[in-house]
Amino acid sequence: MAHKLYQVGVKALVTDSEGKILLIKAAKGFHDAHWDLPGGRIEDNQTPEEALKREIEEEIGVKSVENITFHSGCISNFEMHFDELGTVGLVLMAYEVTIPEGAVVVLSDEHTDYEWVNRSELTERLKEKYPPEFTVGLLVR
């Protein structure tokens, strides 16, 4: 039996003063356009926290990230296919984070839109990438 490879990524639950969570719309790439949490894969010699800060700056243009607290993790619904590796899964770890009040979101070229949504909307908005037991878990603070 062949063993499946996994990459590890970090995701940010960026919450505003009303308790809404920032979602960004990923442009078409490995998969169709979809809503997601800011974040990405951990690179060599990075801690999860360093990767999260780098990804937040790259994807939404915010340099100041504080109060990074692990929330939960899951295996993503997405798989990627590489000629040299075959099918690779994605393990995602979500962290609650704080950005400065009034920070301006500036999207990267990899994203087409953003929206602040109520936690109750997360399961529907994130269903393409995340299993429902993960998104339901995001409702818990």
Side-chain angles (χ1 to χ4, degrees), residues 1-101 103-141:
M1 178 174 153
H3 295 283
K4 187 175 189 176
L5 295 175
Y6 287 87
Q7 292 185 334
V8 178
V10 289
K11 292 294 180 174
L13 293 162
V14 180
T15 308
D16 70 7
S17 60
E18 297 174 13
K20 292 184 177 182
I21 295 190
L22 177 66
L23 295 184
I24 55 179
K25 191 161 196 177
K28 213 169 182 176
F30 278 114
H31 300 275
D32 290 337
H34 62 278
W35 288 102
D36 201 355
L37 299 167
R41 289 181 211 99
I42 299 172
E43 294 179 356
D44 285 344
N45 300 314
Q46 278 190 324
T47 66
E49 292 81 6
E50 291 168 339
L52 196 61
K53 288 179 181 181
R54 175 185 51 78
E55 288 288 349
I56 289 171
E57 183 175 351
E58 289 175 7
E59 292 187 348
I60 66 170
V62 176
K63 294 181 181 183
S64 179
V65 180
E66 298 176 347
N67 304 320
I68 300 172
T69 306
F70 179 75
H71 188 285
S72 57
C74 73
I75 295 176
S76 174
N77 294 334
F78 281 2
E79 292 180 334
M80 295 169 283
H81 304 283
F82 297 98
D83 290 338
E84 66 279 7
L85 298 175
T87 300
V88 176
L90 188 56
V91 175
L92 298 172
M93 300 184 301
Y95 292 80
E96 298 258 0
V97 304
T98 303
I99 62 173
E101 189 69 33
V104 177
V105 174
V106 179
L107 294 175
S108 72
D109 292 341
E110 298 174 359
H111 300 91
T112 60
D113 199 4
Y114 74 92
E115 194 171 331
W116 293 93
V117 301
N118 292 317
R119 285 183 184 253
S120 60
E121 296 177 55
L122 291 177
T123 300
E124 180 61 28
R125 293 284 191 104
L126 298 175
K127 69 182 177 185
E128 289 182 51
K129 189 163 187 177
Y130 302 91
E133 55 275 7
F134 175 74
T135 53
V136 167
L138 297 179
L139 301 175
V140 179
R141 287 186 173 179

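In this text, all values refer to a predicted model and were calculated from it rather than measured experimentally. Heavy-atom basis, side chains included; hydrogens, waters and symmetry copies ignored.
In terms of modelled atom types and a separation under 3.5 Å, the side chain of Glu128 and the main chain of Trp35 share no donor-acceptor contact. Side chain of Asn118 to backbone of Ser120: no donor-acceptor contact under 3.5 angstrom is found. Although no hydrogens or angles enter the test, the distance criterion places no donor-acceptor pair under 3.5 Å between the side chain of Asp16 and the main chain of Leu22.
A pairwise comparison of heavy atoms in Phe134 and Ala94 identifies CZ-CB, 3.7 Å as the closest pair. Contact record, Ser64 with Pro100: O-CD, 3.2 Å, taken as the closest heavy-atom pair. Residues Ser108 and Glu58 approach most closely at CB-O, 3.2 Å, considering heavy atoms. Shortest non-hydrogen contact noted between Val14 and Trp116 is O-CZ3, 3.4 Å. Heavy atoms only, all atoms of each residue included: Ile24 and Pro38 are closest at CD1-CA, 3.7 Å. In this structure, Asn45 and Glu50 approach most closely via the heavy-atom pair O-OE1, 3.8 Å.
Side chains of Pro131 and Ile75 form no contact here, defined as non-hydrogen atoms less than 4.5 Å apart. You'll find the side chain of Tyr130 reaches within 4.5 Å of the side chain of Leu92, heavy atoms only.
Each of Asn67, Thr69, Leu37, Ile68 was checked for a side chain to side chain contact (heavy atoms under 4.5 Å, CB included) with Tyr95, and the lone residue meeting it is Ile68. In summary, of the residues considered (Lys11, Arg125, Lys25), a side chain to side chain donor-acceptor pair (under 3.5 Å) with Asp36 occurs for Lys11 alone.
Interatomic distance, Thr123 OG1 to Glu133 CD, rounded to the nearest 0.5 Å: 10.0 Å. Atoms NZ and CG, from Lys127 and Leu122 in turn, are 13.5 Å apart once rounded to the nearest 0.5 Å. One finds the NZ atom of Lys129 at 6.0 Å from the CG atom of Leu90 (value rounded to the nearest 0.5 Å). The structure places CG of Leu13 at 11.0 Å from OG1 of Thr98, a figure rounded to the nearest 0.5 Å. For the atom pair NE2 of His34 and CG of Leu126, the computed distance is 9.0 Å after rounding to the nearest 0.5 Å. The line from CG of Leu52 to CD of Gln46 is 10.0 Å long, rounded to the nearest 0.5 Å.
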Would Glu96 and Arg119 count as a salt bridge (charged side-chain N to carboxylate O under 4.0 Å, His left out) here? Give the steps. CA-CA 13 Å; Glu96 298 258 0; Arg119 285 183 184 253; 3.4 Å; yes

List the steps, then state whether side chain to side chain contact (heavy atoms under 4.5 Å, CB included) holds for Glu121 with Leu23. CA-CA 10 Å; Glu121 296 177 55; Leu23 295 184; over 6 Å; no

